[in-house]
Each structure stands twice: as C-alpha cells, then as structure tokens.
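Computed from a prediction, not measured in an experiment: that's the story for all the values here. Labels below follow one simple rule: chain letters A, B, ... track the order of the sequence lines, proteins then strands, and each chain is numbered from 1.
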Amino acid sequence: ILNVEQSPQSLHVQEGDSTNFTCSFPSSNFYALHWYRWETAKSPEALFVMTLNGDEKKKGRISATLNTKEGYSYLYIKGSQPEDSATYLCALTRGNEKLTFGTGTRLTIIP
Amino acid sequence: DGGITQSPKYLFRKEGQNVTLSCEQNLNHDAMYWYRQDPGQGLRLIYYSQIVNDFQKGDIAEGYSVSREKKESFPLTVTSAQKNPTAFYLCASSFYSEAFFGQGTRLTVV
C-alpha cells in the first residue's frame with residue numbers, strides 16, 4: 001500500500017486568518033501531485049497538478065508548493081473565507097498512472 | 001457535455017444482497033477508479049482499470065468485483081462478502097495527470 005499522508009486531519013481556522021497543511025508521499029517514481037477541494041455532496045474539484053520539483057501554483061488565495069526530493073507538498077490559503085470550508089485532498093500519480101489519495105484535511109472556517 | 005455519471009445517488013439494500021453501482025464516462029479516458037469513503041476517513045481505492053478488459057485490485061478490494069467490458073463503463077458490484085458495505089462510493093476517470101469524478105453513490109445496507 002502506497003502511503004500518501006496528510007496533516008492535520010482536521011483544522012478550524014478563524015475567518016481572515018491564513019493557514020496551510022501538508023501532503024507527504026514517497027518520492028520514488030514520482031509523476032505528479034494533485035490537490036483537490038471536496039465539498040460535501042459535490043464531486044472533488046481539481047485545484048492543482050504539479051509535476052516538477054520546486055513547482056509553485058496559485059489560484060486566487062490558494063497556492064501550493066512541491067518538493068519531490070523530500071516527498072512533500074504544502075497547500076496555503078490566505079485570508080480564509082467561509083466558502084473555503086471543505087476537505088482538501090492530495091493525490092499522487094506514480095509511473096503507472098494510478099491515483100492514490102491521502103486521507104484529506106477537513107478545513108472549517110469559523111465566521 | 002462530457003463527464004462522469006454515477007447512478008443512483010442513494011441506494012438502499014438489504015444485508016446479504018449483491019448490489020451494482022454504475023459509473024459511465026464519455027471523456028474517452030482509459031483509466032477508471034472506484035473509491036470508498038467512510039466517515040472521518042479519506043478516499044480508499046477499491047479497484048482501478050487502466051484499459052478495457054483489464055483491472056487491478058486496490059487497497060480494499062475484498063468483497064467487491066468489477067468489470068471493464070467497454071471503455072465508457074466501469075460498474076462496481078458490492079457483494080454479500082463485503083462486511084461493512086455502507087459507505088459513500090466515488091468513481092473517477094483520468095487521462096495522464098487529470099482526474100474527473102462522479103457525484104458519488106451513498107449505499108446504505110440495512
């Protein structure tokens with residue numbers, strides 16, 4: 001079993017504060033690291049796909065970094081808003097294209 | 001519109017009955033996946049298929065079966081051998097680095 005780990009498991013953040021969480025993965029045979037945002041009763045929504053060591057991606061107030069050598073990625077949310085409340089999933093693709101998901105970080109924004 | 005369709009959205013079955021969850025995609029993707037989510041847990045891989053007529057067990061395949069007779073379809077059967085079938089089931093398909101998901105099926109076994 002391939003271990004893709006996310007921490008923390010859950011997080012409560014005050015509206016307006018910034019936050020970040022981690023995805024750790026085995027660095028061998030790396031192909032791509034994906035971040036998804038998953039709201040209850042909806043399909044997961046793709047945020048970023050990163051393939052190169054040192055990649056940084058940004059989408060509005062959300063950004064992500066990637067370190068393939070040490071096997072981790074950070075997701076940052078700046079100035080959290082209530083609509084940011086969701087589960088954030090990372091997923092690893094290795095050479096055989098199989099997507100393996102982490103357990104997710106459940107983010108709750110407190111108004 | 002291209003996408004993935006899972007049906008039904010909610011499903012109730014009696015204990016001991018087999019049940020089949022549907023997943024259809026018109027994205028022309030080779031790879032398709034079935035995941036299961038339980039409360040407080042992430043997505044766990046049940047089965048995946050990278051090409052028609054071929055599929056591989058994921059991390060929690062016991063009690064499940066799949067088929068991939070057509071590129072567009074990847075149905076999942078939850079058999080009576082699955083000890084805790086009540087869960088949320090999510091189907092996905094991917095092409096290289098991009099994955100798309102269905103809306104999910106919530107299965108309740110009573």
Side-chain angles (χ1 to χ4, degrees), chain A residues 1-11 21-26 29-52 55 57 64 66 68 73 86-108, chain B residues 1-10 21 23-25 27 29-51 54-62 66 68 74 87-106:
Chain A
I1 295 179
L2 181 63
N3 285 327
V4 178
E5 298 179 354
Q6 291 187 246
S7 63
Q9 192 172 20
S10 66
L11 193 55
F21 25 93
T22 308
C23 175
S24 304
F25 51 87
N29 294 329
F30 177 87
Y31 185 82
L33 193 283
H34 313 247
W35 280 102
Y36 291 89
R37 181 173 176 276
W38 191 14
E39 288 184 71
T40 304
K42 295 185 179 179
S43 300
E45 170 201 353
L47 290 174
F48 306 114
V49 178
M50 295 184 287
T51 56
L52 298 175
D55 255 356
K57 295 275 176 105
L66 177 67
T68 60
S73 174
T87 296
Y88 290 84
L89 296 166
C90 72
L92 177 70
T93 307
R94 298 176 100 191
N96 64 0
E97 288 195 53
K98 184 181 74 166
L99 268 177
T100 302
F101 281 88
T103 51
T105 293
R106 190 178 303 111
L107 176 65
T108 304
Chain B
D1 287 335
I4 300 182
T5 303
Q6 282 186 248
S7 60
K9 194 170 181 179
Y10 298 97
L21 280 57
C23 179
E24 304 277 330
Q25 54 102 356
L27 300 166
H29 287 171
D30 286 316
M32 295 186 75
Y33 310 79
W34 274 105
Y35 295 92
R36 167 184 171 140
Q37 193 210 20
D38 294 284
Q41 296 196 38
L43 292 173
R44 293 185 290 167
L45 182 65
I46 304 172
Y47 267 99
Y48 67 103
S49 167
Q50 291 178 300
I51 199 167
D54 185 56
F55 47 82
Q56 308 293 330
K57 290 182 179 180
D59 301 324
I60 54 165
E62 188 176 346
V66 293
R68 188 83 187 277
F74 191 40
F88 182 76
Y89 292 87
L90 198 61
C91 177
S93 71
S94 73
F95 178 71
Y96 288 101
S97 295
E98 194 163 12
F100 295 83
F101 292 86
Q103 295 278 7
T105 293
R106 185 164 298 281

Quiz item: Going by heavy atoms in the side chains, are A:Phe101 and B:Gln37 under 4.5 Å from each other?
Solution: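 Result no, sub-4.5 Å side-chain heavy-atom pair not found.
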
Quiz prompt | Close side-chain approach of B:Leu90 and A:Pro44, heavy atoms under 4.5 Å | solution =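 Of all side-chain heavy-atom pairs linking A:Pro44 with B:Leu90, at least one is under 4.5 Å.
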
Quiz prompt | Residues, nucleotides or ligands: over 12 heavy atoms within 6.0 Å of A:Arg37 CZ | solution =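 Above 12, so yes.
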
Self-check item: Shortest non-hydrogen contact from B:Gly102 toward A:Ser43
Solution: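 So the minimum-distance heavy-atom pair works out to O-OG, 2.7 Å.
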
Quiz prompt | Nearest heavy-atom neighbours spanning A:Leu89 and B:Leu43 | solution =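 Nearest heavy atoms, A:Leu89 then B:Leu43: CD1-CD1, 3.7 Å.
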
Quiz item: What part of A:Gln9 is in contact with chain B, defined as an atom under 4.5 angstrom from a non-hydrogen atom: side chain, backbone, both or neither?
Solution: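 A:Gln9 touches chain B through side-chain heavy atoms alone.
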
Exercise. Verify whether the ring centers belonging to A:Tyr36 and B:Tyr35 lie closer than 6.0 Å.
Key: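 No, the ring of A:Tyr36 stays outside the 6.0 Å limit from the ring of B:Tyr35, centre to centre.
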
